[in-house]
Amino acid sequence: MLATASPHIHAEARRLSLAAPAGALPVLLPRRRPVRYASLRLRASAAAEATPSAKEGAEELGFEEMAARTTRRYYMLGGKGGVGKTSCAASLAVRFANSGHPTLVVSTDPAHSLSDSFAQDLTGGALAPVEGTDSPLFALEINPEKSREEFRTINQKNGGSGVKDFMDGMGLGILAEQLGELKLGELLDTPPPGLDEAIAISKVIQFLEAPEYSMFSRIVFDTAPTGHTLRLLSLPDFLDASIGKILKLRNKIASATSAIKSVFGQEVQQQDAANKLEQLRERMVKVRELFRDTESTEFIIVTIPTVMAISESGRLHSSLQKESVPVRRLIVNQVLPPSSSDCKFCAIKRKDQTRALDMIKNDPELMELHIMQAPLVDMEIRGVPALKFLGDIVWK
């Protein structure tokens, strides 16, 4: 439940009303939630007017460009932990859904926040409908920890049998089938590092191939903090190279062992394993190409106006460029709106934020991006109405 307007917002409205020119309509704020959004929008608009003018061609990067095409597009929002990635991703998903696009928002962060952001229970690791939008909006929280625990339980109960069936049910049949010869059931009993990213990659493969996802024209990713996300983006390259080495090694020793294998009837089985690895490699190439496709994929960096956050955003952009991942937009979240009277704390905070925003203008990694600002508001952005309010401010 969203709170009603706080007393200081009403005081500010009365001050604006008294200061208005003769004949102007007074600002009235009865205690109703929609008007609370209106009062915050008033100050958010002022913050937008105070934003430095965008560079030439920036109008082409507005929300109309993002929503224009009917073909599927992927948007990945990421950055330092605690900068508001989930709120920005959820608000973008709501904006797409209200613009006529069937939309899926996916959290790849092990510490999920989508349920909190939408104020709905979206847990369970399966598609869950989000209520309150004009077009269909679904959410998916990938839950690696739950998957690992269930893998272990089934593996222990069945002595390794049944894991393949369970993974099929979880949508991970591709990995189970193509890596079955590597004793995946035993590996999952002590999960290897990077399994979170492997499960996320498996979901991306599903988005590309599974018919139940074909209805979505927009897929928005709420990614994990910077380090996890970079591992996710680099995993297809790593697997492609690793599988390639395995196949080369197999080809080198194949001639020496083919006679023995044919005697024991294992030649066909080993060839089948090689074929499955090759299929997995092809899928990894497909995911890698998707991440780098400028026509269908875009990574949006989210940050806040602090020196530490801006510095990390610059390093993130540099890493994304090395991975050839398209980046065109930067959201600066939690910007203090303009005020005619600042307390001492607010004055110091505003000075720090101004210094951080100046860093963006001089940072060679960030200065060419389209900059969007989201104001710091005195309410929690939670629930579809609040996300719609935020989306209307940020995505315009």
Is there a donor-acceptor contact under 3.5 Å from the side chain of [X] to the main chain of [Y]?
X      : Y      : result
Gln120 : Val384 : no
Arg350 : Pro337 : yes
Thr86  : Leu114 : no
Gln373 : Val335 : no
Asn98  : Asp134 : yes

| message | Are the side chains of His317 and Phe299 in contact, using a 4.5 Å heavy-atom criterion? | response | no
| Heavy atoms from other residues, nucleotides or ligands near CD of Gln321 exceed 12 (cutoff 6.0 Å) | yes
| note | Interatomic distance, CZ@Arg72 vs OG@Ser214, rounded to 0.5 Å, equals 7.0 Å
| said: Which label fits Phe96 and Phe63: parallel for a plane angle under 30°, tilted from 30 to 60°, or perpendicular past 60°? | reply: tilted
| said: Any carboxylate oxygen within less than 4.0 angstrom of a Lys/Arg side-chain nitrogen, looking at Asp352 and Arg355? | reply: yes
| task | Flag the pair Arg292 and Glu323 as a salt bridge only when some basic side-chain nitrogen lies within less than 4.0 angstrom of an acidic carboxylate oxygen. | result | yes
| Between Phe207 and Tyr74, is the gap from one ring center to the other below 6.0 Å? | no
